[in-house]
Amino acid sequence: MRKILDAIMADDPAELGSLPVPESYRAVTVHAGDVAMFDGMSSADKDPRKSLHVEEVATPELGPGEALIAVMASSVNYNTVWTSIFEPLPTFAFLRRYGRSSPLAKRHDLPYHVVGSDLAGVVLRTGEGVGAWKRGDQVVAHCLSVELEHPDGHGDTMLDPEQRIWGFETNFGGLAELALVKSNQLMPKPAHLSWEEAAASGLVNSTAYRQLVSPNGARMKQGDTVLIWGASGGLGSYATQLALNGGATPVCVVSSAEKAEVCRRMGAELIIDRRAEDYRFWSGEHTQDPREWKRFGAQIRELTGGEDPDIVFEHPGRETFGASVFVARRGGTIVTCASTSGFHHAYDNRYLWMNLKRIVGTHFANYREAWEANRLIARGRIHPTLSKVYPLSHTGQAVHDVHGNLHQGKVGVLCLAPGEGLGVRDHETRAGLAGALGRFRQRTG
């Protein structure tokens, strides 16, 4: 592995191609034998540092249409939190189901799961039939793994019945020194970014793009008012940028003055600190408080000059969904994914049906949407929101930070990269974007 890293650092594809593929590599895993370790505990008390392992695993066989990537950096998404605390169910059920689908997929059904749904790295090997990528190419990967053997997937790849999220519903994910992907997951690494910056955006930027911009989501247009929950977080920070970039007005909901300042650095002006305002949308375990919805809606109108949100960018789920349905404007759209505070949503349907509002569910992004989202990064229109970086050996702490909402933006992980700031090829473009690239790093130095 050291020789592979040396060849990458020397930007020597010929040398990289001459080196043998290692028989094993270091990876972040969960174990099937640990799935009961948190039984009886609340979600908040489950500690990813206890369930995540960093260990040597066998290098998988490379199949047709696949690529083996030397991973320089990765990042933490909420699906890795779910995997690490075995909620809403252990991911080994996904791996077993996938393993039954074909002899090649059987490789994924193992007693350990290599996690992670983002990467930036270098193509090490390609399988039979791969023509678009070659050894030495610098790449990022989106997390859509799909078979495309069913007609439903050819209009929108997310509708394919065999659609899966790589590193969550498949094995050999990105929080590792090597990763196995389908070659059509690969996209060019933005040349002005370091490895850890490039690895931060794939899942969340693509998800936010589909959710807000795409015809498959909210179809955001210029002039729209967009309420964004968790606007300084991993998903919300990209939604905020997309809204500003697209001529919309974001109303950013955050949980601290520090996070409000991050939104201001992105260019947002309308910000609600829900903790300072002490919003309590639930008055009991099973009862919501419509008076709090109304108070929240009144504050939004005060900020916007009387406008209700055309779009509500929803991802907390249970805690906020009733309020989201209430505050959306007549004919407005609540676009939802993730449900990080709980999957079971409750809302007063009178405010939906009598005011002709829509709820739209979205999940990650199709190939085209992921490519367009990455193009915005490459062109310097949208920027990584990386706030902190850990070494691979400390991935458990990185996931713990995300689980406890102790972070802003994205939390990165160095895999093969020996340090931060490496991998930049386009220094001229980077120099012009230095302020934007450092917005989220200012908090942690």
Side-chain angles (χ1 to χ4, degrees), residues 208-209 211-215 217-233 235-281 288-316 319-336 347-360 362 381-383 385 408 436 439:
Y209 184 92
Q211 205 168 349
L212 272 188
V213 179
S214 168
R219 301 171 182 252
M220 185 187 74
K221 63 184 186 300
Q222 293 185 52
D224 279 349
T225 298
V226 183
L227 180 71
I228 301 172
W229 292 100
S232 71
L235 190 57
S237 59
Y238 288 88
T240 299
Q241 292 184 77
L242 287 165
L244 290 165
N245 221 28
T249 300
V251 179
C252 297
V253 185
V254 296
S255 59
S256 71
E258 189 175 44
K259 293 181 178 182
E261 179 56 32
V262 168
C263 291
R264 292 187 186 97
R265 291 204 294 262
M266 286 191 286
E269 298 177 353
L270 310 183
I271 300 168
I272 296 173
D273 182 343
R274 61 178 174 84
R275 190 162 294 166
E277 299 292 338
D278 196 28
Y279 284 112
R280 298 177 183 269
F281 299 127
Q288 297 190 67
D289 188 348
R291 294 172 300 178
E292 287 290 87
W293 300 347
K294 293 175 182 178
R295 184 165 74 94
F296 184 55
Q299 186 176 9
I300 294 170
R301 287 180 174 178
E302 183 180 351
L303 289 172
T304 62
E307 297 269 337
D308 292 327
D310 300 278
I311 300 166
V312 180
F313 185 85
E314 243 292 342
H315 55 98
E319 181 183 340
T320 59
F321 202 81
S324 294
V325 171
F326 179 82
V327 301
R329 69 171 294 171
R330 185 178 181 88
T333 300
I334 304 95
V335 61
T336 178
Y347 60 93
D348 189 330
N349 198 44
R350 293 172 297 176
Y351 297 113
L352 187 79
W353 109 69
M354 295 180 71
N355 291 292
L356 302 135
K357 303 176 186 183
R358 300 186 306 143
I359 296 173
V360 177
T362 66
R381 304 291 180 87
I382 300 293
H383 311 291
T385 62
Q408 294 179 158
R439 286 171 183 157

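The first residue of the sequence shown is numbered 1, and numbering continues consecutively from there.
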Taking the side chain as every heavy atom from C-beta outward, state whether [X] and [Y] have any pair of such atoms under 4.5 Å apart.
| X | Y | result |
| --- | --- | --- |
| Phe313 | Thr240 | no |
| Trp229 | Val312 | yes |
| Val254 | Cys263 | yes |
| Asp348 | Phe326 | no |

Where is the tightest heavy-atom contact between Gln288 and Pro290, given as atom of each residue plus distance? O-CD, 3.3 Å
Please report the shortest heavy-atom distance between Ile271 and Ala260, naming the atom on each side. CD1-O, 3.4 Å
Centre-to-centre under 6.0 Å for Phe296 and Phe281, is that the case here? yes
Without swapping roles, check the side chain of [X] against the backbone of [Y] for a donor-acceptor pair under 3.5 Å.
| X | Y | answer |
| --- | --- | --- |
| Gln211 | Val335 | yes |
| Lys357 | Ile334 | no |
| Asp289 | Arg291 | yes |
| Asp310 | Thr225 | yes |
| Tyr238 | Thr385 | yes |
| Arg265 | Arg439 | yes |

Less than 3.5 Å apart, any donor N or O on the side chain of Glu314 or Ser324 sitting next to an acceptor on the other? yes
With a 6.0 Å cut-off (strictly less than), is the heavy-atom count around CZ of Arg295, excluding the residue itself, greater than 12? yes
Got a salt bridge between Glu277 and Arg274, using NZ or NE/NH1/NH2 to carboxylate O under 4.0 Å? no
